[in-house]
**Student:** 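Here it is, the structure in full.
Naming: A, B, ... by sequence-line order, numbering from 1 per chain.
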Number of protein chains: 2
Amino acid sequence: MRQTKRDELVRKALEIFYRNGFHATGMDMLVAETGISKTSMYKHFRTKEELILAALRLRDENFRNWLFRRIDELAETPRDKLLAIFDALGEWFAMREFRGCMFIKASAEYQEREHPIHAQSAEHKRLLFDHVKRICAQAGAPSPDDLARQLLILKEGAIVMAVLGKASDAARDARMAAESLLAAAFAGR
Amino acid sequence: MRQTKRDELVRKALEIFYRNGFHATGMDMLVAETGISKTSMYKHFRTKEELILAALRLRDENFRNWLFRRIDELAETPRDKLLAIFDALGEWFAMREFRGCMFIKASAEYQEREHPIHAQSAEHKRLLFDHVKRICAQAGAPSPDDLARQLLILKEGAIVMAVLGKASDAARDARMAAESLLAAAFAGR
DNA sequence: AAATACAGATACCGATCTGTACACCTATAT
DNA sequence: ATATAGGTGTACAGATCGGTATCTGTATTT
């Protein structure tokens with residue numbers, strides 16, 4: 001397989017960047033931890049930035065697939081799926097390797113909105129929004145747009161508080177808040 | 001005044017770290033942008049980390065003072081103050097120099113919970129929580145603890161979405177969500 | 001006027017940063 | 001058998017990293 005080595009590199013780079021940060025991770029550390037030679041790395045990616053972008057693309061795929069598969073497993077109706085978002089988050093927060101949202105961290109290290117890494121992080125959030133909005137619409141929300149944006153705010157806030165507060169609280173609190181938001185959005189239905 | 005030079009250093013370092021990130025900002029850049037010699041810097045702070053911690057302490061003071069003064073100006077009753085949090089955030093998001101939450105970014109670059117910079121960022125959130133919880137109690141919330149945690153989640157989420165989405169939406173959406181949370185918390189009063 | 005203390009400038013330390021050059025290995029395809 | 005492609009290892013370039021040493025100037029104290 002021609003893509004195998006490259007995929008392995010991206011997979012491992014993703015894990016190391018996630019654990020260790022972007023600026024704090026040098027190419028030499030990637031060499032040491034992946035066993036892949038620097039020559040090969042620079043054959044696949046012309047710069048460190050391109051490697052980071054590839055890692056973020058993989059992360060975006062993995063995370064969205066996982067989250068939406070998980071909420072489909074956890075809930076039947078669209079409305080329950082919206083709440084299940086926060087049950088899934090709770091499972092994530094409890095994982096040993098949980099370190100917060102990779103895209104929040106990426107945008108924190110690459111702050112200019114025009115920077116490709118920042119832009120790709122914003123795109124990840126947009127894709128999440130699109131999917132959640134679709135579920136809101138399926139649930140019959142009067143304003144799927146508004147509800148989805150509010151739920152996403154809860155999701156991002158829960159992640160931040162899981163990192164900087166108690167992770168177990170964050171998911172439970174966000175779920176309680178989400179229940180209130182749904183109750184308000186569907187008031188009188 | 002003996003503290004003047006040191007204070008000026010911390011003030012300017014804060015601004016540069018906020019704009020440019022922590023790892024991405026070298027001491028040489030601080031020398032170039034502040035006009036203060038490296039010798040002086042290392043006379044006041046033994047390491048870069050100590051300088052960062054001093055900058056974060058200043059930021060913590062400034063931000064909390066600003067936020068709580070602003071919501072006192074914007075609202076009269078405790079319950080209205082809770083909503084005014086998000087009006088104040090909206091003003092912040094609209095500022096030209098807005099770049100997200102410095103403590104979220106700090107914890108993104110220094111991920112270990114035991115790291116002093118991470119710990120200090122967590123402490124900032126705890127201090128915010130204490131104050132918001134007090135207002136919740138003054139407002140007569142049945143569970144000030146839960147409500148405060150939910151509102152803080154909204155606050156952090158709004159900041160993230162202000163950075164990675166549309167800043168104007170984020171404050172408005174979070175305020176709408178906060179209204180729903182308050183309605184639920186004070187249901188039947 | 002002499003002594004002390006502090007700030008600035010500059011050059012430097014060893015380490016590390018991203019990225020490149022070059023020689024060599026090995027499997028497959030022709 | 002030999003060309004080709006993808007891989008390794010190593011050494012290195014040039015810049016920058018955090019931090020220090022040294023020297024000069026200057027203000028205050030005695």
Side-chain angles (χ1 to χ4, degrees), chain A residues 1-57 105-106 108-112 114-118 120, chain B residues 1-57 105-106 108-112 114-118 120:
Chain A
M1 283 297 111
R2 211 191 139 271
Q3 286 293 75
T4 284
K5 223 28 194 244
R6 180 192 160 112
D7 289 350
E8 187 195 340
L9 168 58
V10 176
R11 220 172 45 242
K12 291 191 174 174
L14 162 55
E15 190 207 317
I16 297 168
F17 283 133
Y18 182 60
R19 237 194 306 123
N20 201 60
F22 298 94
H23 284 94
T25 301
M27 299 302 278
D28 288 333
M29 180 189 291
L30 291 179
V31 171
E33 298 231 4
T34 65
I36 298 169
S37 73
K38 213 195 271 198
T39 320
S40 300
M41 291 183 183
Y42 278 97
K43 215 159 273 173
H44 288 302
F45 301 98
R46 281 175 27 250
T47 62
K48 180 186 182 182
E49 184 180 312
E50 285 190 13
L51 175 57
I52 292 176
L53 287 170
L56 289 180
R57 267 189 297 274
K105 296 194 283 193
E109 292 205 46
Y110 302 90
Q111 303 201 54
E112 284 78 32
E114 305 76 28
H115 195 293
I117 293 177
H118 190 107
Q120 190 163 309
Chain B
M1 285 295 107
R2 211 192 141 269
Q3 286 291 75
T4 285
K5 235 356 194 275
R6 181 192 159 110
D7 290 349
E8 186 195 341
L9 167 59
V10 175
R11 220 171 48 242
K12 290 191 174 173
L14 162 57
E15 189 207 317
I16 296 169
F17 283 133
Y18 182 60
R19 239 193 304 121
N20 199 59
F22 299 95
H23 284 92
T25 301
M27 298 302 278
D28 288 332
M29 181 188 291
L30 291 179
V31 171
E33 298 232 3
T34 64
I36 298 170
S37 74
K38 216 194 270 197
T39 319
S40 301
M41 291 183 183
Y42 279 96
K43 217 158 271 176
H44 289 299
F45 301 97
R46 284 179 20 253
T47 62
K48 181 186 182 183
E49 184 180 310
E50 284 190 14
L51 176 56
I52 293 176
L53 287 170
L56 289 180
R57 267 189 297 274
K105 297 193 284 194
E109 292 205 47
Y110 301 89
Q111 304 201 53
E112 285 77 33
E114 304 76 29
H115 194 293
I117 294 177
H118 189 105
Q120 191 162 309

**Student:** Considering only D:dG9, C:dG19, D:dA21, which nucleotide approaches the side chain of A:Thr39 most closely?
**Tutor:** D:dG9

**Student:** Flag this pair as yes if the NZ/CZ of A:Lys105 is under 6.0 angstrom from the six-membered ring centre of A:Phe22 and inside a 45 degree cone about the axis; otherwise no.
**Tutor:** no

**Student:** Where the side chain of B:Ser37 is defined as all heavy atoms beyond and including C-beta, which of D:dG19, C:dG19, C:dG8 is the nearest nucleotide?
**Tutor:** C:dG8

**Student:** Nearest 0.5 Å please: distance from the CZ atom of A:Arg11 over to the OG1 atom of A:Thr34.
**Tutor:**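 Going from the CZ atom of A:Arg11 to the OG1 atom of A:Thr34 covers 11.5 Å.
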
**Student:** For A:Phe17 and A:His23, run ring pair (Phe, Tyr, Trp, His ring centres under 6.0 Å): C-alpha distance rounded to whole Å, both residues' side-chain angles, the deciding distance at 0.1 Å, then the answer.
**Tutor:** CA-CA 9 Å; A:Phe17 283 133; A:His23 284 94; over 10 Å; no

**Student:** What is the distance from CE of B:Met41 to C1' of C:dT10, rounded to the nearest Å?
**Tutor:**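 So the two atoms are 15 Å apart, to the nearest Å.
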
**Student:** Could you state the CG-C1' distance from B:Asp28 to D:dT20, rounded to the nearest angstrom?
**Tutor:**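 My rounded result for the distance is 13 Å.
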
**Student:** Would you mind reading off the distance between B:Lys43 atom NZ and D:dT22 atom C1', rounded to a whole angstrom?
**Tutor:**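 Taking NZ of B:Lys43 and C1' of D:dT22, I get 11 Å after rounding.
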
**Student:** Take the protein atom CZ of B:Phe45 and the nucleotide atom P of D:dG19, then report the distance between them rounded to whole Å.
**Tutor:**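 Rounded to whole Å, this separation is 13 Å.
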
**Student:** Taking CG from B:Leu51 and P from D:dC17, how many angstroms apart are they, rounded to a whole number?
**Tutor:**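 So the two atoms are 15 Å apart, to the nearest Å.
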
**Student:** Between C:dC13 atom P and B:Tyr42 atom OH, what is the distance in whole Å?
**Tutor:** 17 Å

**Student:** On a plain distance test, is the side chain of B:Lys38 in donor-acceptor contact with the base of D:dG19 below 3.5 Å?
**Tutor:**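 In this structure, the two groups form a donor-acceptor pair.
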
**Student:** Starting at atom CE of B:Met27, determine the distance to atom C1' of D:dT20, rounded to an integer number of angstrom.
**Tutor:** 12 Å

**Student:** Scan A:Leu9, A:Leu51, A:Ile36 and name whichever one has a side chain to side chain contact (heavy atoms under 4.5 Å, CB included) with A:Leu30.
**Tutor:** A:Leu51

**Student:** Could you give the NE2-to-C1' distance, from A:His44 to D:dA5, as a whole number of Å?
**Tutor:**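 The answer, rounded to whole Å, is 11 Å.
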
